[in-house]
Amino acid sequence: MQRYNPKEFEQKWQDIWDETGVYTADLASDKPKYIAMSMFNYPSGAGIHIGHAMNYTISDVKARYKRQQGYESYHPIGWDAFGLPAENYAIKAGVSPQESMAQIIPSYHKQYKAMGWSNDWEKEIATHLPEYYKWTQWIFWKMHEQGLAYQDARMQWWCEKDATVLANEQVIDGKCWRHDGPDDPLVQKKEVKQWFFKITEYADELLEATDALDWTESVKLAQKNWIGKSQGAEIDFKIDGSDDQLTVFTTRPDTLYGATFMVVAPEHELLDSITTDEQRNEVEAYKKAAQLKSELDRLAEKEKTGVFTGAYAINPVNGQKLPIWTADYVLVGYGTGAIMAVPAHDERDEEFATKYDLSIVKVIEGDKLVNSGEFDGQIIKLAQENIVNMLADKGHATPKTNYKMRDWSVSRQRYWGAPIPIINCPEHGAVRVPEADLPVILPELDDFQPSGDGRSALARATDWLKTTCPECGGPAERETDTLDTYICSSWYMFRYFDPRNQQQIFDPEIVNKWAPIDFYNGGDHATAHLLYARFVTKFFHKLGIIKHTEPFKQMLYNGKVTASDGSAFSKSKGNGIDPLEIINSGYGADALRTYLMFAAPLEFSARWDPQGVPGTHRFLNRLWTLTQEYLEASAGDTTKEQDKDLKRVTHQTIKKMTEDLERNTYNTAIATAMAAVNDLYKLKAQALAQSPEWKEALEALIACVAPFAPHTAEELWHQLGHSTSVHKDSWPTYNEEYLVQDTITLAVQVNGKLRGEVQVAADADEATAVAAAKANQKVAGYLEGQTIRKTIYVPNKLVSFVV
RNA sequence: GCGCGGGUGGUGUAAUUGGUAGCCACGAGGGACUUAAAAUCCCUUGCUCUAAAAAGCGUGCGGGUUCGAUUCCCGCCCCGCGCACCA
C-alpha cells in the first residue's frame with residue numbers, strides 16, 4: 001500500500017496544472033462567471049509569511065469551490081510593486097527598485113505555486129510596469145480633466161538634513177528614519193504643495209451605498225465613521241473691533257446661548273490677525289510648540305492646553321463678548337478649525353473652562369432650553385431649527401452638512417511610483433501631458449536619494465525633467481511627484497479582466513460581464529483602500545466605462561494569524577512562521593492550507609498552534625489510507641443496510657459542505673469532512689468492497705475536500721481512475737431521499753429537564769411519539785402520580801411534559 | 001472616551017429558526033501492533049459524587065420571559081480590535 005507522502009505528488013500536480021492550464025480563466029466562456037480574490041500583495045524581499053498563506057487560501061478555496069461547481073472561475077494574480085520599502089532599500093543598498101522587483105517577483109511565483117493556489121498566471125499584472133501605470137496615470141489625467149484633481153498646500157513631516165518630505169512611518173520617535181542619532185534634529189512640519197482627488201464630492205454617494213453591501217459589518221461601519229457625516233450649521237461670529245468674522249461649525253446650534261468662549265486651532269488663518277499685541281508672544285510660542293509636537297506627543301497628552309488671543313467675538317444671538325482662545329484640541333482639518341465652546345454641555349470644553357477659569361452657562365434642562373432668551377422652554381430639536389433659521393434670516397448662519405472625510409492626497413515626493421502626468425509651465429502653470437503621450441515613463445536612476453530641494457530623486461533626471469509646455473511649446477519641467485500607491489490598488493481588479501489592453505484602460509464589454517468581484521477578502525485596509533476602490537469605481541461609472549457602481553459584491557474581512565500567546569508575529573521577535581518551511585518539512589501544502597481554514601472562523605484571528613498542521617495531516621492521511629484500502633479491496637457488493645448508511649453519510653456530507661462553503665464557514669466544512677472520514681472508518685470495519693456505494697462515497701468526499709487539499713484530492717481522484725482534473729466541474733450534488741433515517745431519537749423532557757430518549761420510526765405521528773415517550777421507564781418514573789398539564793411535541797426533536 | 005466584536009471543557013472551537021450544550025480537532029489517559037520507538041488503529045475524556053449506576057451542577061456575573069434560554073429582554077463585569085480631542 002502506498003503511504004501518504006505529499007512530497008511525492010504536490011510538486012508533480014503543480015507542474016501538471018501549469019502545463020494544462022486548468023486555472024486559466026476563459027473570459028469569453030459561456031459558463032456563469034465567478035471571480036474570487038484577496039487583496040493583492042506588496043512583494044517584499046522577505047517572501048510570503050503565514051498571514052499571506054491565510055489570506056490567499058481563503059479566496060483560493062472559494063475560487064476552487066466555484067470552479068468545481070461549473071463556474072468559469074477566475075483567481076487572478078498581481079503585484080502591488082510601487083511603494084516605500086523598495087525605495088528605502090534602493091537608497092540604502094543602491095539596488096534599483098526595478099532590479100529588486102525583477103528578482104523578488106519570480107521568487108514569489110515559486111512560493112505561490114508551492115502553496116497550491118489556483119492563480120491564472122497568464123493574466124498576471126504588476127503595478128510598476130509601464131503597461132500598467134500608463135492607466136494609473138490616465139486615471140489622474142481623467143480626474144484632472146473632470147475637475148476632480150487639484151493642488152493645495154498641506155503640512156508634511158520634513159527632515160532638514162535631507163531636505164525631504166517624510167511619510168508618517170519614516171518618522172520614528174520624532175526623528176527621521178535615516179537621522180535618528182542623539183545629535184540629529186527632530187523632524188519639522190512644513191507646508192508642501194500636494195495634489196488631491198475630490199473624493200468628498202462622492203461622500204454622500206459612498207455613504208448611502210454602504211448599507212446594501214454584502215460586506216463584513218465592522219468594515220461597513222468603519223467606512224461610515226470614516227466618512228463621518230454630521231448635520232449642523234455654520235455660524236458667523238463678528239470679531240469685536242474688526243470687520244473680520246469667525247465662522248464655526250456646530251452640530252448643536254441649540255446650545256448657542258451657552259457659548260462662553262471661542263477656540264481656534266493653532267493653525268487657523270485668522271489667528272495672527274486677531275491676536276492682540278499683548279498676547280502675541282504667548283500665542284506665537286504656543287503655535288510653535290504645537291507645530292513641533294509629534295503625533296505621539298499629542299496623543300500622550302492628557303491635559304488640554306491653550307492661550308488667550310486677547311480678541312473677543314460677538315455671540316450673534318445675544319451680543320455677548322466671548323474671549324477667543326487658541327488650543328490644539330481644536331483641529332484645523334475638521335469643520336472650520338474653530339469652535340464655539342459650550343462648557344456646560346461639552347466635556348472637552350468643560351475641562352478647558354475649568355482649567356482656565358472660564359464661565360459655564362447651563363442652557364439645557366431635560367429636553368428643554370433655559371437661559372436662552374426667546375427660545376426658553378422650547379424642545380431641543382425644534383430650537384435647533386428655530387435658532388438656525390433666525391440667524392440665517394439675518395445672514396449669520398447657514399445649515400451645513402459636514403464630513404470627517406477629507407480629499408484624497410495623491411501626490412508623494414518619492415521616486416518609486418507612477419509619475420504624475422503634469423508639466424509645469426512658467427506661463428500656463430500645471431498642464432496635463434497630452435493623452436497620447438502617456439505613459440510618462442519613470443526614468444531609471446543610479447541615485448535614489450531625494451534631490452535635496454524637497455523634490456524626489458526625479459528632479460535629478462534632468463533629461464527627463466526638462467521638456468516643453470504642451471500649450472505654448474516653451475521650456476517647462478515635469479512634475480516630480482509620483483502617485484500614491486493607493487491609486488494603483490484602487491482599480492487593479494478591473495485590469496485583471498483585460499490585462500494587456502494597450503488602447504484603453506480596459507474593454508468595458510469584458511468588464512461589464514465580469515464585474516463586480518464576487519468575493520474579496522483581506523485582513524487590512526478596512527477604510528482607505530476599500531473606500532478608494534469604491535470611489536474610483538463610481539468615477540468610472542460616471543465616465544461611462546463601467547455599468548457597475550460598486551467593485552466588490554462580497555467582502556470578507558478575515559482575522560489574522562497570531563502567535564500562540566495571541567500576540568502579533570513580528571520580525572524583531574523572530575517568532576514568525578514560514579509557510580514554506582512547514583510544507584518542506586514533510587507535512588505538505590495541503591495540511592497547512594487545511595489547518596489554516598480549520599483553526600477558527602475566518603473572521604476570528606487564529607492563534608498559531610504547532611500541533612495544528614500535524615492534526616490536519618493526520619486527517620488527510622486517513623482519507624488517503626481509506627482510498628488505498630478501497631483500491632486494494634475486491635469487487636463486489638456490500639449489504640443493503642451498509643449501502644444505506646454509506647449513502648446517508650455521503651449525501652449528508654455533500655449537503656453540509658456545500659452550505660458551509662457557500663456561507664464561508666470553512667471550519668465547520670472541514671469538521672464535516674473529518675466526521676465523514678470517521679464514519680467511513682467505522683463502516684469499513686464492517687465491510688469494504690469496490691461497490692458503487694463505496695466509490696460514490698469516496699469520490700464525493702475527495703471532491704468536497706479538493707478546495708482545501710487540492711493536491712491530495714487530485715492524486716486520489718486520478719488513482720480512482722479519473723483522467724480529468726478534480727478541480728473542474730466535479731462538485732457533487734446531494735439527494736434528499738438519502739438523508740432520511742428509518743428511526744430517529746427524540747429527547748423527552750419533564751418540566752423542561754431532559755429525562756430520557758426514545759427511538760421512534762421516522763414517520764411516526766404525534767400520538768405514537770407521545771406514547772413512546774410515556775412508556776420510557778425513566779420518564780414514567782417522573783410522571784407517576786402527576787397530572788400532565790401540557791404536552792409539547794416538536795417533530796424530529798422532542799416531547800416535553802409539563803406536570 | 002466612542003464604536004464594533006467576543007466571553008462555552010485543560011486548549012482552538014460547534015450548536016443554521018428558542019428544543020438532547022460540547023460536533024470536529026488538539027492535548028491527556030488507557031489498550032492493540034512493535035524487540036523498542038515513531039507512525040498507525042481502537043477506546044475514554046465538561047465538573048462533582050460514585051466501584052458502577054443514579055443524581056446534582058454547568059455556556060462571564062445578577063435578574064427576567066418561557067414547559068424549555070449558549071440563543072430573547074434588563075442591569076453589570078471582563079477581554080480583544082478599530083478610531084482616537086470630530087465641535
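Chain A is the first sequence line, chain B the second, and so forth, proteins listed ahead of strands; every chain is numbered from 1. The figures here come from the full heavy-atom set of this structure, side chains too, leaving out hydrogens, waters and symmetry mates.
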| Complementary nucleotide for B/G27 - Watson-Crick or wobble, under 3.5 Å | B/U45

| message | Strictly by Watson-Crick or wobble contacts shorter than 3.5 Å, is anything paired with B/G5, and which nucleotide is it? | response |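 Paired with B/G5, as far as the under-3.5 Å criterion goes, is B/C79.
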
| Among B/U20, B/U16, B/G56, which is the nearest nucleotide to the side chain of A/Arg755? |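 When the side chain of A/Arg755 is considered, B/G56 is the closest of B/U20, B/U16, B/G56.
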
| message | Given B/A25, B/A87, B/C85, identify the nucleotide with an atom nearest to the side chain of A/Phe598. | response |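 Of the candidates, B/A25 comes closest.
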
Counting just side-chain N and O atoms, does [X] come under 4.0 Å of either OP1 or OP2 of [N]?
X        : N     : result
A/Arg622 : B/C41 : yes
A/Gln611 : B/G27 : yes
A/Asn225 : B/C4  : no
A/Arg618 : B/G27 : yes
A/Arg348 : B/G1  : no
A/Lys655 : B/U16 : no

| Using the C1' atom in both, what is the distance from B/G9 to B/U44, to the nearest Å? |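 Comparing C1' positions in B/G9 and B/U44 gives a spacing of 15 Å.
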
| Taking atom P in both B/A14 and B/C4, what distance in whole Å separates the two? | 22 Å

| query | Are the charged groups of A/Lys655 and A/Glu659 less than 4.0 angstrom apart, N to O? | reply |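 A/Glu659 and A/Lys655: salt-bridged.
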
| query | When you look at A/Arg348 and A/Glu351, which way does the salt bridge (charged side-chain N to carboxylate O under 4.0 Å, His left out) test go after all the steps? | reply | CA-CA 5 Å; A/Arg348 291 153 302 164; A/Glu351 201 186 309; over 6 Å; no

